[in-house]
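The figures that follow rest on heavy atoms only: side chains count, while hydrogens, waters and symmetry mates do not.
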Amino acid sequence: MSPPILSLIMLGTTIAAIVLGIPVAFALMGIPLIFGVATLGPKILMQFPVQAYGMMTSYAFVAAPLFIFMGTILERSGIADGLYESFYHLFGPLRGGLALATVAMATLFGACTGIVGAGVITIGLLALPSMLSRGYSKELATGSIMVGGGLGVIIPPSIMLILYGACAGVSIAALFTAGIIPGLILSGFYITYIIIRSFLQPKIAPSISKEERVRGPKLVRMIGTSLIPPLFLIIAVLGSIFFGVCAPSEAGAMGVLGALIVTAAGRRLTWKVIREATIETLRITTAVLLICLGGKLFTGVFIYMGGGKLIKSALLGLPFGPTGIMIMMLLIVLLMGMVMDWIGMIFILVPIFSPIISSLGIDPLYFGMLFCVTLQISNMTPPFAYSVFYLKGIAPPEVTIADMYRGCIPFVILQVIATLVLIRFPSLILFLPSLMK
């Protein structure tokens with residue numbers, strides 16, 4: 001059997017191993033090692049030190065732990081508490097106001113963290129008890145929390161965008177800038193849906209009582225005070241990148257400094273907080289980088305065996321134009337995202353797809369953002385809907401997995417519609433990056 005055919009068998013075996021529950025990093029490293037040695041001999045072992053050295057000398061991978069550290073500090077800073085309290089009183093008098101407050105807070109909080117798990121858990125702990133106690137439907141309550149938390153992987157700074165840029169060789173600064181409008185579009189879609197559904201079905205999302213509301217100057221002060229920390233961080237991180245003051249890795253350091261200042265200002269900066277944030281950062285970073293190394297080893301062996309050329313010729317042979325082939329690739333991303341971890345998918349698919357995109361003449365930044373927007377839908381799609389599992393871990397027993405899956409459905413439809421809008425109007429992705437040139 002020829003090496004290209006064996007490479008496809010290796011791909012299928014790896015996906016099956018991940019679906020069956022073998023840790024992603026071990027599946028990505030172990031299976032290519034077996035196939036590589038059997039097909040190409042011991043020389044394939046040189047892939048390990050070469051790929052590891054490449055990761056160690058890449059500035060892109062410096063940014064990841066810095067932004068993860070920033071996010072873990074912010075979890076303990078109280079910034080989310082203040083934001084939710086303000087938006088709670090601002091939107092609470094409206095039908096669906098608490099769900100609107102959840103998405104609005106998630107949009108700003110996502111621009112400060114970039115981690116799905118942190119967003120879903122933090123927002124869920126604050127918003128879910130409030131909505132359930134006021135008679136919100138379980139589906140709308142959980143759905144708004146999960147999509148809100150998922151905004152962090154699109155709205156920069158995002159760990160997903162950092163890893164995609166490192167893998168595809170696309171500017172991380174350009175990806176960060178390109179992610180702003182798509183993130184706001186998704187947020188706008190969610191808010192519009194909540195408003196319309198709450199108007200049509202007022203019983204599923206009642207407003208808070210008049211006795212609970214804060215009004216007038218006190219509300220203005222509350223909103224102003226709660227907005228200062230996230231806006232300070234957004235300007236410190238994204239502003240420094242957009243105006244060319246800092247590279248993404250340097251902006252990550254700026255973000256960490258800003259997060260420490262915000263936490264200190266909230267009188268929550270203690271040695272315990274720093275210790276817990278550091279340990280959590282080490283845990284997440286180690287897992288992420290181990291998967292990244294496994295992904296690089298997999299793609300190195302896969303391409304060396306000729307699998308990349310085989311897939312490229314198959315896709316380019318389809319009777320579609322460049323846009324049709326690109327949509328086929330995004331469908332592959334969507335389907336694989338239902339059963340695979342997004343980090344592993346980036347390091348499996350991006351090295352295969354990038355040469356095809358180049359040969360089609362499609363802007364790699366445009367495709368990269370579409371890839372990531374499509375990939376973030378996988379956080380909400382069964383059977384491996386990670387946002388569902390994150391939220392289930394903190395939800396009360398009466399909120400079931402079935403409730404959460406039902407809550408996902410309308411928002412997944414909105415995410416697909418938003419992706420189609422971005423495909424139809426590339427300028428929504430490319431406009432802001434064009435201002436950086």
Would you confirm whether [X], through its side chain, and [Y], through its main-chain N or O, come within 3.5 Å as a donor-acceptor pair?
{"X": "Lys203", "Y": "Ser137", "answer": "no"}
{"X": "Ser187", "Y": "Gly183", "answer": "no"}
{"X": "Thr400", "Y": "Asp403", "answer": "yes"}
{"X": "Gln376", "Y": "Val373", "answer": "yes"}
{"X": "Thr286", "Y": "Arg283", "answer": "no"}
{"X": "Tyr164", "Y": "Met369", "answer": "no"}
{"X": "Ser133", "Y": "Ser130", "answer": "yes"}

Side-chain heavy atoms of [X] within contact of [Y], under 4.5 Å:
{"X": "Ile332", "Y": "Met336", "result": "yes"}
{"X": "Leu100", "Y": "Ile195", "result": "yes"}
{"X": "Tyr190", "Y": "Ser144", "result": "no"}
{"X": "Gln415", "Y": "Val147", "result": "yes"}
{"X": "Pro364", "Y": "Ser358", "result": "no"}
{"X": "Val170", "Y": "Phe367", "result": "no"}
{"X": "Phe176", "Y": "Ile162", "result": "yes"}
{"X": "Thr270", "Y": "Ile274", "result": "no"}

Margin query: Determine whether the aromatic ring centres of residues Tyr366 and Phe371 are separated by less than 6.0 angstrom.
Written below: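 Here the rings of Tyr366 and Phe371 have centres that are no less than 6.0 Å from each other.
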If I take atom [atom1] from residue [X] and atom [atom2] from residue [Y], how far apart are they, to the nearest 0.5 angstrom?
{"X": "Ile154", "Y": "Leu184", "atom1": "CD1", "atom2": "CG", "answer": "12.0 Å"}
{"X": "Met329", "Y": "Ile357", "atom1": "CE", "atom2": "CD1", "answer": "3.5 Å"}
{"X": "Leu330", "Y": "Ile423", "atom1": "CG", "atom2": "CD1", "answer": "5.5 Å"}
{"X": "Met345", "Y": "Ile291", "atom1": "CE", "atom2": "CD1", "answer": "13.0 Å"}
{"X": "Ile279", "Y": "Arg275", "atom1": "CD1", "atom2": "CZ", "answer": "4.0 Å"}
{"X": "Thr374", "Y": "Leu335", "atom1": "OG1", "atom2": "CG", "answer": "11.0 Å"}

Testing the basics here: between [X] and [Y], what is the closest heavy-atom pair and its distance to 0.1 Å?
{"X": "Pro182", "Y": "Leu422", "result": "CB-CD1, 3.9 Å"}
{"X": "Leu132", "Y": "Pro396", "result": "CD1-CG, 3.8 Å"}
{"X": "Pro206", "Y": "Ile204", "result": "CD-C, 3.8 Å"}
{"X": "Gly96", "Y": "Ile194", "result": "O-CG2, 3.8 Å"}
{"X": "Val333", "Y": "Phe353", "result": "CG2-CE1, 4.0 Å"}
{"X": "Thr14", "Y": "Ala27", "result": "CG2-O, 4.0 Å"}

Item checked: Test log, rule side chain to side chain contact (heavy atoms under 4.5 Å, CB included), inputs Val388 and Met380 -> CA-CA 7 Å; Val388 172; Met380 301 275 289; over 6 Å; no
Item checked: Other residues, nucleotides, ligands: >12 heavy atoms within 6.0 Å of Met254 CE ->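 No, the 6.0 Å shell around CE holds no more than 12 heavy atoms from other groups.
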Notebook entry, point to check: Yes or no on side chain to side chain contact (heavy atoms under 4.5 Å, CB included) for Ile34 and Thr13, after CA distance, side-chain angles and deciding distance?
Noted result: CA-CA 11 Å; Ile34 295 169; Thr13 305; over 6 Å; no
Check: How far apart are the C-alpha atoms of Glu139 and Cys408, what are their side-chain angles, what is the distance that settles it, and do they pass the side chain to side chain contact (heavy atoms under 4.5 Å, CB included) test?
Finding: CA-CA 8 Å; Glu139 291 82 2; Cys408 288; over 6 Å; no
Next item on the list: Go through the steps to decide whether Ser354 and Val350 satisfy the test side chain to side chain contact (heavy atoms under 4.5 Å, CB included), and finish with yes or no.
Entry: CA-CA 6 Å; Ser354 292; Val350 172; 3.5 Å; yes
Next item on the list: Evaluate the criterion ring-ring contact (aromatic ring centres under 6.0 Å, His included) for residue pair Phe298 and Phe347; output intermediate values, then yes/no.
Entry: CA-CA 8 Å; Phe298 174 89; Phe347 285 90; over 10 Å; no
